Structure formats: C-alpha cells, structure tokens
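Remember, predicted model here, so these are calculated numbers, not experimental data. As a basis for the values below, the full set of heavy atoms in this structure was taken, side chains included, without hydrogen atoms, waters or symmetry mates.
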Amino acid sequence: MWKETENMLTRSLEFKDFRSAMAFMNKVADVAEELNHHPWWSNVYNKVEIELTTHDAGNTVTDKDLELARRIDEIYDNMMV
C-alpha cells in the first residue's frame, strides 16, 4: 500500500525475481512517459522502492502523483495474478 509521508507517496514492492521486477519497471516507465510524470525509484534484485512527488508544485503530492500511483497499482496487480 502507498504511504504518504514528508510530502511524498512511497511504496515498496516485491517480485518473484529480478526479471519480474525489471518487467514491472519497464511497464511503469511507459506509463510515466505517457503521463509525463516520472518516479524516483530504486531496484535491488526483486525489490522496487518508489517515491512520488510533484517537483513543479514544490515537492508536494498532487493529482499527478495519485494518478501515477493508481496506474502503478494496476500494473502490479495485473502482474501478481
């Protein structure tokens, strides 16, 4: 689940392996480009850490972040079925 702390949305996700984590990140990258809103994230093996904030709005959570979070959830949920 997403947590809102320090003016950002954060989420930690775990996958079965590195390939799955990278496939997820590639799908999210396509959506981020579509929305022109890009996450800060990191990946170590099967774990992906994501932070969302809108820099243009003074590093606060905006509708852009909420929309990207919703789309990230859809991608993750579809990969986990």
Side-chain angles (χ1 to χ4, degrees):
M1 301 304 315
W2 291 96
K3 295 178 190 171
E4 187 170 348
T5 57
E6 299 179 24
N7 293 319
M8 70 179 70
L9 296 176
T10 62
R11 184 160 185 198
S12 300
L13 302 166
E14 191 167 328
F15 299 85
K16 68 178 182 171
D17 55 27
F18 179 73
R19 286 182 188 259
S20 298
M22 290 307 300
F24 167 80
M25 291 178 79
N26 284 322
K27 290 177 183 185
V28 171
D30 290 340
V31 170
E33 280 295 299
E34 173 191 325
L35 298 176
N36 193 29
H37 192 58
H38 305 89
W40 176 93
W41 54 13
S42 66
N43 163 250
V44 176
Y45 182 57
N46 69 332
K47 293 178 175 53
V48 176
E49 303 285 331
I50 304 172
E51 294 178 2
L52 302 177
T53 190
T54 302
H55 305 291
D56 296 349
N59 293 318
T60 61
V61 175
T62 67
D63 288 343
K64 286 182 171 185
D65 302 299
L66 297 171
E67 176 63 13
L68 183 53
R70 185 187 69 74
R71 299 281 296 273
I72 289 169
D73 288 345
E74 283 179 0
I75 293 166
Y76 184 73
D77 291 348
N78 287 334
M79 289 183 73
M80 294 297 112
V81 287

Engineer: Any donor-acceptor pair under 3.5 Å linking the side-chain atoms of Asn59 with those of Thr53?
Structural biologist: no

Engineer: Apply side chain to side chain donor-acceptor pair (under 3.5 Å) to Glu14 and list each qualifying residue two or more places apart in sequence or on a separate chain.
Structural biologist: none

Engineer: Checking Glu6 now: which residues fulfil side chain to side chain donor-acceptor pair (under 3.5 Å) with it, not counting sequence neighbours?
Structural biologist: none

Engineer: Once side-chain contact (heavy atoms from CB on, under 4.5 Å) is applied, do any residues pair with Ala23, and if so which ones, sequence neighbours excluded?
Structural biologist: Met79

Engineer: Return the CZ to CE distance between Arg11 and Met1, rounded to the nearest 0.5 Å.
Structural biologist: 6.0 Å

Engineer: Keeping the roles fixed (side chain from Asp17, backbone from Ala21), state whether a donor-acceptor pair exists under 3.5 Å.
Structural biologist: no

Engineer: Report the residues that fulfil side chain to side chain donor-acceptor pair (under 3.5 Å) with Asp77, sequence neighbours left out, ordered by chain and then residue number.
Structural biologist: none

Engineer: Quick one: list whatever passes salt bridge (Lys or Arg N to Asp or Glu O under 4.0 Å) with Glu74, sequence neighbours left out.
Structural biologist: Arg70

Engineer: Kindly work out whether a path of hydrophobic side-chain contacts (I/L/V/M/F/W/Y, heavy atoms less than 4.5 Å apart) joins Leu66 to Leu13.
Structural biologist: yes

Engineer: I need the single residue from Asn7, Thr60, Thr62 that forms a side chain to side chain donor-acceptor pair (under 3.5 Å) with Thr54. Which is it?
Structural biologist: Thr62

Engineer: I need the full list of ring-ring contact (aromatic ring centres under 6.0 Å, His included) pairs touching residues 28-51, with sequence neighbours left out, sorted by first then second residue.
Structural biologist: none

Engineer: To the nearest 0.5 Å, tell me how far Leu52 CG sits from Met8 CE.
Structural biologist: 9.5 Å

Engineer: With sequence neighbours left out, which residue pairs that include part of residues 46-73 fulfil the ring-ring contact (aromatic ring centres under 6.0 Å, His included) condition?
Structural biologist: none

Engineer: With sequence neighbours left out, what residues match Glu34 under salt bridge (Lys or Arg N to Asp or Glu O under 4.0 Å)?
Structural biologist: Arg71

Engineer: Under 3.5 Å, sequence neighbours excluded: what are the donor-acceptor pairs made by side chains of residues 24-31?
Structural biologist:
residue : atom : partner : partner atom : Å
Asn26   : ND2  : Met22   : O            : 3.2

Engineer: Compare every heavy atom of Pro39 with every heavy atom of Ile50, then report the nearest pair and how far apart it is.
Structural biologist: CG2-CB, 4.0 Å

Engineer: Applying ring-ring contact (aromatic ring centres under 6.0 Å, His included), name anything that partners Tyr76, two or more places apart in sequence or on another chain.
Structural biologist: Phe15

Engineer: By the salt bridge (Lys or Arg N to Asp or Glu O under 4.0 Å) test, which pairs, at least two apart or in different chains, include something from residues 50-64?
Structural biologist: none

Engineer: Using side chain to side chain donor-acceptor pair (under 3.5 Å) as the criterion, list what pairs up with Thr10, not counting sequence neighbours.
Structural biologist: none

